[in-house]
Amino acid sequence: MIKGSAPRALLATTIGFFFGVMAISLFGPTSSTLAAAMNLTPTEVGLLVAIPSLTGSLLRIPFGASVDANGGRKGFIFLLIMACIGLIGLCILFDTADVMQPGSLKGMFPVVLLLGCLAGFGIATFSVGVSQSSYWYSKKRQGFASGVYGGLGTTSAGILAFALPLLLKNFGFNTAYHVLTGVMILGLVLYAILSCNPPYFQFLKAGKSKEEAHAEAEKCGQELFPTGNAVESLKISAKVPQTWMLVLTYFTTFGGFMALTAWFPTFWKKAMGLDPMMAGALTAIFSILSALLRVPGGKLSDKIGGEKVSMGALVLLAVAGVLMTLPLGSVGLFVVSLLIAVAFGYNNGATMKLVPVYVSKGVGGANGWVGGLGAFGGFVIPPLMGHVVVLSPEHGYGLGFLIFTGLAIINIIIMGMNRRPKQKGA
């Protein structure tokens, strides 16, 4: 008898990722306060809000690939533990100074970055959970599973973008981060209780040979299987050209999702003059919509093919990036930001649908490459947008969105050159 089921596994990974990915919004809502406390430049603010995404993206590669070797449960738990340690460290640091006073954390920027990196470990749970879900579900339901997992899971970043300013206003800076730490610990406990490795890995742990475990897991409905260890999975997936096409599309839209979830609070406050609560609310709407639209994006990809959905979303993103440079006012720009959310959500759902389609024998490795290098956009893009502001203080906040237009056009060209018209499910 195996432990768990596909719905239970999807629930566990979604809950775990929901709490882990909150670190995307770790510093965005409080960037103005922290910038004053540490005397930061706009470029340094961009680095600050993006720093959790550094470890959150790069660690997806080895931990995603490790699922093909051990099933992923231990790796997922380890990542959440490290995230909790990072948040506890931030709480201790903030408790030692009056963060609301300018200059109170002068010289502590490297320490805050280091602790932010640790907190970002939770973001790396994505590639572990999506691989676990892929092994539990049939090929024809991959879009649904990855859409639910990524869609519902990533809503927490938007929720925190609004909840953190609310906590700051009503309970103070330090209490807000204490609450966040407690919530992360809760996520660790819930995942540890609910999670279960895919059937193949349970049979291996029970002492069966690879061949026996494969046969028994097939009887349980498992259709996708690893071909080797983590290193072999990375090598197999790296040899498939479409893996790198998906890396770039995910860099643009999931990395972009992470980047704008962290950057929008600064944009709405600095460029549009909105108060922190309104900035947090607009960011939350953008982020939650983008996350939830992964679900219909994945289901639509199951129906008409992931490449068609991805191509349409990228065209929309290219247009929306240009519109964000125009003087449309806060209401008009917010509407355009929702178009970006639609493009992000649908493309992210389509991308994860295509991973097992193109790389069926190295799903863990492919999810590691795509989830890791793709999410690296969340670290790269905010400092670039901050640098544009430095170069053009008057128009830089709007011009920075042309980065997404350029990336979308590059993606469209590469996808047109590398698509497989006859690939089933694509």
Side-chain angles (χ1 to χ4, degrees), residues 57-70 72 124 126-143 145-147 149-150 198 200 210 214 222-255 297-298 301-302 304-311 313-314 347-377 407 410-426:
S57 58
L58 295 182
L59 289 177
R60 291 182 178 202
I61 300 173
F63 279 91
S66 71
V67 177
D68 284 355
N70 55 44
F126 174 80
S127 59
V128 181
V130 76
S131 296
Q132 285 182 316
S133 300
S134 293
Y135 284 131
W136 273 101
Y137 278 84
S138 64
K139 293 179 181 179
K140 66 181 181 180
R141 301 198 72 200
Q142 292 294 317
S146 64
Y149 170 73
Y200 172 77
K210 291 183 178 180
H214 191 289
Q222 185 171 333
E223 294 183 6
L224 296 174
F225 293 90
T227 56
N229 57 34
V231 175
E232 290 172 342
S233 180
L234 287 171
K235 288 181 178 179
I236 291 170
S237 56
K239 293 178 181 178
V240 180
Q242 280 70 25
T243 296
W244 304 107
M245 178 185 76
L246 297 178
V247 165
L248 183 58
T249 62
Y250 212 57
F251 179 96
T252 301
T253 57
F254 185 72
S301 297
D302 282 338
I304 69 172
E307 287 183 345
K308 292 179 181 178
V309 175
S310 181
M311 190 71 78
L314 291 169
N347 188 69
N348 290 337
T351 299
M352 300 318 298
K353 153 71 178 180
L354 289 171
V355 169
V357 171
Y358 286 137
V359 201
S360 60
K361 294 184 179 180
V363 173
N367 279 322
W369 289 122
V370 174
L373 296 181
F376 192 58
L407 287 171
I410 293 171
N411 273 283
I412 291 169
I413 295 172
I414 293 177
M415 182 169 288
M417 295 171 60
N418 289 275
R419 65 181 303 173
R420 292 180 178 180
K422 296 182 180 180
Q423 179 75 16
K424 185 178 179 180

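Between Gly72 and Val128, the shortest heavy-atom contact is O-CG1, 3.3 Å. Here the closest non-hydrogen pair linking Gly306 and Ala350 is O-CB, 3.4 Å. Contact detail for Ala65 and Leu234: the closest heavy-atom pair is CB-CG, 3.5 Å. Closest non-hydrogen pair, Leu224 versus Ser134, comes out as CD1-O, 3.6 Å. Taking each heavy atom of Ser131 and Val67 in turn, the nearest pair found is CB-CG1, 3.8 Å. Contact detail for Gly371 and Arg60: the closest heavy-atom pair is O-CD, 2.9 Å.
Side-chain contact annotation: Thr249 with Asn411, donor-acceptor N/O pair under 3.5 Å absent.
Atoms CD and CE, from Gln242 and Met415 in turn, are 10.0 Å apart once rounded to the nearest 0.5 Å.
Ring pair Trp369/Trp244 is tilted by interplanar angle, where 30° to 60° counts as tilted. Using the six-membered ring where Trp is involved, Phe225 and His214 have ring planes that are parallel, under 30° apart on the 30 and 60° scheme.
When each of Leu248, Leu314, Thr252 is paired with Ile410, the side chain to side chain contact (heavy atoms under 4.5 Å, CB included) condition holds for Leu248 and for no other.
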Full working for side-chain contact (heavy atoms from CB on, under 4.5 Å) between Tyr137 and Glu223: CA-CA 7 Å; Tyr137 278 84; Glu223 294 183 6; over 6 Å; no
Take Tyr250 and Met352 through the test side-chain contact (heavy atoms from CB on, under 4.5 Å) and record every step on the way to the result. CA-CA 9 Å; Tyr250 212 57; Met352 300 318 298; 3.8 Å; yes
Go through Phe376 and Leu58 one step at a time and tell me if the side-chain contact (heavy atoms from CB on, under 4.5 Å) criterion holds. CA-CA 7 Å; Phe376 192 58; Leu58 295 182; 3.9 Å; yes
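Without hydrogens or angle criteria, Thr243 side chain to Ser237 main chain gives a donor-acceptor distance under 3.5 Å. In this structure, the side chain of Ser133 does not engage the main chain of Val130 through any donor-acceptor pair within 3.5 Å. A donor-acceptor pair is defined here as one N or O able to donate and one able to accept, closer than 3.5 Å; such a pair exists between the side chain of Asn348 and the backbone of Phe254. Looking at Gln222, its side chain does come within 3.5 Å of a backbone N or O of Tyr200 through a donor-acceptor pair.
At least one side-chain heavy atom of Tyr135 sits less than 4.5 Å from a side-chain heavy atom of Pro226.
Ionic pairing of Arg141 and Asp302 is not present here: no N-O contact between side-chain nitrogen and carboxylate oxygen is shorter than 4.0 angstrom.
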